[in-house]
Amino acid sequence: MGELQGKRVLLVEDELFIAMHAEEILRDLGAEIVGPASSLQEAWSFVENETFDCAMLDRNLNGEFSDELAQELKRRGVAVILASGYGPIASDRGLIVVSKPYDENMIAAAFRSVMKEQ
């Protein structure tokens, strides 16, 4: 059984091939994918119109940062991990950051960690 079996995961990623790779990883972990959203506007639309248990957010979406979205989801009780090619920064307080390039083990460990905190 996968780490995310039975969980709906919002995926936010602006790079097509990275989104496809992330979808494959999340599905292998047992998740049902919501999205992927390729912009903050699209991500907020999913937040308003869909239900999900977890979220995997690319931090930098064509120059727009998903930090506010991550904090709002966390406030709502959604398990959130950020994916970043730039590493953790000061505004990550309380957020799990996975560095790109990532693999299935890294994503599984990040979700295990963030779900344990809830």
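The shown structure was predicted, so the numbers you read here are calculated from the model rather than taken from an experiment.
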Novice: Considering only heavy atoms from C-beta outward, does the side chain of I81 approach that of L95 to under 4.5 Å?
Specialist: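 Contact flag for I81/L95 side chains = no.
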
Novice: Can you list the residues that meet the salt bridge (Lys or Arg N to Asp or Glu O under 4.0 Å) rule with E50, with sequence neighbours excluded?
Specialist: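 Counting only residues at least two positions away or on another chain, E50 forms a salt bridge (Lys or Arg N to Asp or Glu O under 4.0 Å) with R8.
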
Novice: State the CG-NZ distance between L69 and K74, to the nearest 0.5 angstrom.
Specialist: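 Reported value, rounded in 0.5 Å steps: 13.5 Å.
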
Novice: Of the non-hydrogen atoms in A22 and Y102, which two are nearest, and what is the gap between them?
Specialist: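 For A22 and Y102, the tightest heavy-atom pair comes out as CB-OH, 3.4 Å.
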
Novice: Could you walk me through whether D14 and E64 satisfy the side-chain contact (heavy atoms from CB on, under 4.5 Å) test, starting with their C-alpha distance in whole Å, then the side-chain angles of each, then the deciding distance to 0.1 Å, before giving a yes or no?
Specialist: CA-CA 10 Å; D14 62 342; E64 293 185 292; over 6 Å; no

Novice: Of the options L73, N60, L82, which is the one that meets S66 in a side-chain contact (heavy atoms from CB on, under 4.5 Å)?
Specialist: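 Option passing the side-chain contact (heavy atoms from CB on, under 4.5 Å) with S66: L82.
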
Novice: Could you tell me whether K7 and E32 have a side-chain N and a carboxylate O separated by less than 4.0 Å?
Specialist: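 No, K7 and E32 are not salt-bridged.
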
Novice: Quick check: closest heavy atoms across I96 and A110, and the distance to 0.1 Å?
Specialist: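 Smallest interatomic distance, heavy atoms only, reads CG2-CB, 3.7 Å.
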
Novice: Shortest non-hydrogen contact from A79 to M115?
Specialist: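 Taking A79 first and M115 second, the nearest heavy atoms are CB-CG, 3.8 Å.
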
Novice: Once rounded to the nearest 0.5 Å, what's the spacing between atom CG of L11 and atom OG of S38?
Specialist: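 Result: 10.5 Å between the selected atoms.
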
Novice: Any carboxylate oxygen within less than 4.0 angstrom of a Lys/Arg side-chain nitrogen, looking at E72 and R75?
Specialist: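 A salt bridge links E72 with R75.
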
Novice: To the nearest 0.5 Å, what is the distance between CD (E24) and CD1 (I33)?
Specialist: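 Rounded to the nearest 0.5 Å, the CD-CD1 separation comes to 11.0 Å.
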
Novice: Verify the distance criterion only: is there a donor paired with an acceptor across the side chains of S45 and Q41 at less than 3.5 Å?
Specialist: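 Short answer, no.
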
Novice: Determine, stepwise, if the pair V80 / L57 fulfils side-chain contact (heavy atoms from CB on, under 4.5 Å).
Specialist: CA-CA 7 Å; V80 177; L57 312 176; 4.0 Å; yes

Novice: With distance as the sole test, does E15 use its side chain to make a donor-acceptor pair with the main-chain N or O of F17 at under 3.5 Å?
Specialist: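 Checked: no pair found.
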
Novice: If you link ILVMFWY side chains whenever their heavy atoms are less than 4.5 Å apart, which other residues fall into the same cluster as F65? By chain and number, please.
Specialist: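 Reading the cluster by chain and number, F65 sits alone, since nothing else belongs.
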
Novice: So, does D58 use its side chain to make a donor-acceptor pair with the main chain of L61 at under 3.5 Å?
Specialist: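 No: the side chain of D58 does not pair with the backbone of L61.
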
Novice: Can you confirm whether K100 is buried at NZ, in the sense that more than 12 heavy atoms of other residues, nucleotides or ligands lie under 6.0 Å from that atom?
Specialist: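 Correct, the count exceeds 12.
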
Novice: Check V78 against A55 and note the closest heavy-atom contact, atom names and distance.
Specialist: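 Looking at all heavy atoms of both residues, the closest pair is CG1-N, 3.9 Å.
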
Novice: Give, for atom CD1 of I25 and atom CG of L4, the distance between the pair rounded to the nearest 0.5 Å.
Specialist: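 With rounding to 0.5 Å, CD1 (I25) is 11.0 Å from CG (L4).
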
Novice: Answer yes or no: is there a side-chain heavy-atom contact under 4.5 Å between V98 and F111?
Specialist: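 No, their side chains stay 4.5 Å or more apart.
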
Novice: Determine, step by step, whether D53 and V9 satisfy the side-chain contact (heavy atoms from CB on, under 4.5 Å) criterion, reporting the C-alpha distance in whole Å, the side-chain angles of both residues, the deciding distance to 0.1 Å, and the verdict.
Specialist: CA-CA 6 Å; D53 308 288; V9 178; over 6 Å; no

Novice: From I18 CD1 over to E23 CD, what is the distance, rounded to the nearest 0.5 angstrom?
Specialist: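 The CD atom of E23 is 13.0 Å from CD1 of I18, to the nearest 0.5 Å.
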
Novice: Could you state the interatomic distance from CZ (F52) to CG (L10), rounded to the nearest 0.5 Å?
Specialist: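 Spacing of CZ (F52) from CG (L10) equals 4.5 Å.
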
Novice: Would the distance check show the side chain of Q71 and the main-chain N or O of D67 forming a donor-acceptor pair, the cut-off being under 3.5 Å?
Specialist: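 Side chain of Q71 to backbone of D67, a donor-acceptor pair under 3.5 Å: no, none is there.
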
